[in-house]
Amino acid sequence: MEQRRSVYMDHAATTTVRPEVVEAMLPYFSERFGNPSSLYALAREAKGAVEEAREAVAAAIGARPEEVYFTSGGTEADNWAVKGVVAASRKKGDHIITSAIEHHAVLHPCQALEKQGYRVTYLPVDEFGRVEPGDVEDAITDETILVSVMAANNEIGTIQPVAEIGRVAHDHNIPFHTDAVQAIGAYPVDVDAMGADLLALSAHKFGGPKGTGALYIRRGTRIGTFMDGGGQERGRRAGTENVPGIVGLGRAIDLAVSRMPQNSARIAAMRDRLIRGILDGIPNTRLNGHPTERLANNVNVSFRYVEGESILLSLDALGISASTGSACTSASLEPSHVLTACGLPPEHAHGSLRLTLGPENTDADVDYVLAVLPGVIARLREMSPLRGGT
């Protein structure tokens, strides 16, 4: 029996805060605690740190600093993008286009807007979870006011053809929003190359603190304010800035982008070894997501005749932290909306496992997972009523 290890493979849910990020943040909890909206030296020091972080985010995504607005995370950024553009475009139309596999930070705002009378087209995906740009083109009407398609899926890791989708939207003068929460630090992100008018990101997905994110808003994009109150964030997002969190975001994105080439290559090699080992070593197993156009760290597989929750509990007992899908839906008993949209029957979708790697993972971690996972699945299948106990 393989010696028990502690293995974290849920980096799509959250990452550890890098030591360099903690170091950068600490002074802004204590001696540099000023409110950046005040005028004295202590406040100006905090204000300068916020603007330095803004410049770091802008440089990472190919934007201008004045186009970056700090938020409480990816969910707020997505909500602001969707609801803000819709609020500013009421006179133009009432139609939104998105995909069936978006994160709930996009799907739920769209569903809320439907209750207010807006119309939403939820585009289908192919078996690999990819949106066809031609379907976007076909869905556009004279009333379309927003297209929102994520850059990369948080559950299955599929990378979307956002550049092509962005071009379609721009050909019709429609704002294009992309949820890039999983993309930052995973592969190069450039708002011009993507054709993105709005882009959401979240610090805790790439080595930064939780509770801090940003929304890129291309200059000239019509969008309403999201929070009313003071004049922070150039009057568009009220509330005293989370200076330590913003500083941490800036440092984290700088580190993530600068280390991306070496990290991604090493992580992708471990990902591929995990995929091969699982598919070759465990029968009745399916890889979910695109086989090549996927995030370097993402492994998502479905095992027939078992429940994902049972897999997670068994792995946790062996020291392995993993997921069945999005951390935001981990308590849900419903099958993954992403997997069912890709055509998986609910009973197969229920048996999914997501392993997402990070810079801290090692080849020994991969060896350990491959050593213990076949036994876990075999044991659960023996007890499974779905297989008749055989």
Are I97 and T144 close enough, and set up right, to give a side chain to side chain contact (heavy atoms under 4.5 Å, CB included), and what steps lead you there? CA-CA 7 Å; I97 297 172; T144 305; 3.8 Å; yes
Is there a salt bridge (Lys or Arg N to Asp or Glu O under 4.0 Å) between R32 and E45 once you walk through the steps? CA-CA 7 Å; R32 300 178 187 173; E45 189 174 38; 3.6 Å; yes
For side chain to side chain contact (heavy atoms under 4.5 Å, CB included), just list the numbers for V149 and T178, CA-CA rounded to whole Å, side-chain angles, deciding distance to a tenth of an Å, and then say yes or no. CA-CA 5 Å; V149 177; T178 188; 5.8 Å; no
Could you check T356 against H11 for side chain to side chain donor-acceptor pair (under 3.5 Å), going step by step and ending with a plain yes or no? CA-CA 5 Å; T356 45; H11 289 83; 5.2 Å; no
Verdict with supporting geometry, Q182 and H103, side chain to side chain donor-acceptor pair (under 3.5 Å): CA-CA 11 Å; Q182 295 290 338; H103 191 279; over 6 Å; no
Determine, step by step, whether T121 and I96 satisfy the side chain to side chain contact (heavy atoms under 4.5 Å, CB included) criterion, reporting the C-alpha distance in whole Å, the side-chain angles of both residues, the deciding distance to 0.1 Å, and the verdict. CA-CA 6 Å; T121 296; I96 303 161; over 6 Å; no
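Counting only distance, with no hydrogens or angles, the side chain of E67 and the backbone of R219 share a donor-acceptor pair below 3.5 Å. Distance alone, capped at 3.5 Å, is enough to place a donor-acceptor pair between the R44 side chain and the L39 backbone. Side chain of T71 to main chain of L215: no donor-acceptor pair is present (N/O by atom type, distance under 3.5 Å, no hydrogens or angles). Listed for the S258 side chain is a donor-acceptor partner under 3.5 Å among the backbone atoms of L255. When atom types are taken as modelled, the side chain of T15 and the backbone of H204 share a donor-acceptor pair closer than 3.5 angstrom. Judged purely by atom type and a 3.5 angstrom limit, R218 uses its side chain to pair as donor or acceptor with the backbone of V191. Side-chain N or O atoms of K205 include none that pairs as donor or acceptor with a backbone N or O of T14 at under 3.5 Å. Side-chain atoms of W80 come within 3.5 Å of backbone atoms of G224 as a donor-acceptor pair (strictly under, hydrogens ignored). With hydrogens and angles ignored, the 3.5 Å screen pairs no side-chain donor or acceptor of R222 with any backbone N or O of V85. In this structure a side-chain-to-backbone donor-acceptor pair under 3.5 Å is present from R234 to E66.
Under a hydrophobic-cluster definition in which Ile, Leu, Val, Met, Phe, Trp and Tyr are linked whenever side-chain heavy atoms come within less than 4.5 Å, directly or via other members, I156 and V299 are assigned to different clusters. Linking ILVMFWY side-chain heavy atoms closer than 4.5 Å, directly or via other members, places F206 and L199 in a single hydrophobic cluster. Hydrophobic clustering, with ILVMFWY side chains joined whenever heavy atoms are under 4.5 angstrom apart, keeps Y8 apart from I267. Linking ILVMFWY side-chain heavy atoms closer than 4.5 Å, directly or via other members, places V131 and M150 in two distinct hydrophobic clusters. Note on L357: it clusters hydrophobically with L318, by side-chain heavy-atom contacts below 4.5 Å among ILVMFWY residues.
One side chain, Y69 or R236, offers a donor N or O that lies under 3.5 Å from an acceptor on the other. A side-chain N or O of N242 and one of T212 form a donor-acceptor pair less than 3.5 Å apart. R294 and N298 share a side-chain donor-acceptor pair at under 3.5 Å. Using a 3.5 Å distance cut-off with no hydrogens or angles, the side chains of N288 and S302 do pair a donor with an acceptor. H177 and D78 share a donor-acceptor pair across their side chains, judged by distance under 3.5 Å alone. A donor-acceptor pair shorter than 3.5 Å can be found between the side chains of H348 and R304. When only modelled atom types and interatomic distance are considered, E137 and H172 share a side-chain donor-acceptor pair under 3.5 Å. Between the side chains of E309 and H350, not a single donor N or O lies within less than 3.5 Å of an accepting N or O. In summary, the side chains of R379 and S314 do present a donor paired with an acceptor at a separation below 3.5 Å, with no hydrogens or angles considered. Defined by atom type and a distance below 3.5 Å, a donor-acceptor pair is present between the side-chain atoms of D197 and H170. Counting only N and O atoms by type, the side chains of S336 and E155 include a donor and acceptor under 3.5 Å apart.
The distance from atom CD of E102 to atom CG of D179, rounded to the nearest 0.5 Å, is 6.5 Å. In this structure, L353 CG and L315 CG are separated by 6.0 Å, a value rounded to the nearest 0.5 Å. The line from CG of L355 to CD1 of I278 is 5.5 Å long, rounded to the nearest 0.5 Å. Here I101 contributes atom CD1 and R130 contributes atom CZ; the two are 10.5 Å apart, rounded to the nearest 0.5 Å. Distance CD1/I165 to CE/M194: 10.5 Å, rounded to 0.5 Å. We find the NE2-CD distance between H95 and E143 to be 9.5 Å, quoted to the nearest 0.5 Å.
For E23, the CD atom counts as loosely surrounded, since its 6.0 Å shell holds 12 or fewer non-hydrogen atoms of other residues, nucleotides or ligands. Residue E52 places its CD atom among 12 or fewer non-hydrogen atoms of other residues, nucleotides or ligands, all under 6.0 Å distant. The 12-atom threshold is exceeded at CG of D280, counting heavy atoms of other residues, nucleotides or ligands nearer than 6.0 Å. Under a cut-off of 6.0 angstrom, the local environment of OH in Y187 is crowded, with over 12 non-hydrogen atoms contributed by other residues, nucleotides or ligands.
Of the candidates V82, V86, L198, I223 forms a side chain to side chain contact (heavy atoms under 4.5 Å, CB included) with just one, namely L198. Considering V189, T221, I61 in turn, I61 is the only one that fulfils the side chain to side chain contact (heavy atoms under 4.5 Å, CB included) rule with Y216.
Residues R354 and D10 meet the side-chain proximity criterion, which asks for heavy atoms closer than 4.5 Å. Looking at heavy atoms from C-beta onward, S89 lies out of side-chain contact with L146 at the 4.5 angstrom threshold.
Under the rule for a salt bridge (Lys or Arg N to Asp or Glu O under 4.0 Å), the partners of R273 that lie at least two apart in sequence or sit in another chain are D363, D367.
Salt-bridge formation is not detected for the pair R259/D254: no Lys NZ or Arg NE/NH1/NH2 atom is positioned less than 4.0 Å from an Asp or Glu carboxylate oxygen. Under 4.0 Å is where a charged nitrogen must lie from a carboxylate oxygen, and between K83 and E76 no such pair does. With salt bridges taken as basic N to acidic carboxylate O contacts below 4.0 Å, one links E360 and R18.
Contact record, G185 with A256: CA-CB, 4.1 Å, taken as the closest heavy-atom pair. In plain terms, the two heavy atoms of I311 and G351 that are nearest each other are CD1-O, 4.1 Å. Between Y28 and P244, the shortest heavy-atom distance links the atoms O-CG, 3.5 Å. For the residue pair S202 and G73, the shortest heavy atom distance occurs at OG-CA, 4.2 Å. Taking both residues in full, the closest heavy atoms of D365 and R5 are given as OD1-NH2, 2.8 Å, listed atom of the first, atom of the second, then distance. Nearest approach of Q232 to T240, heavy atoms of both residues: NE2-N, 3.7 Å.
For residues 111-167, the set of pairs meeting the ring-ring contact (aromatic ring centres under 6.0 Å, His included) definition, not counting sequence neighbours, comprises F128-H290.
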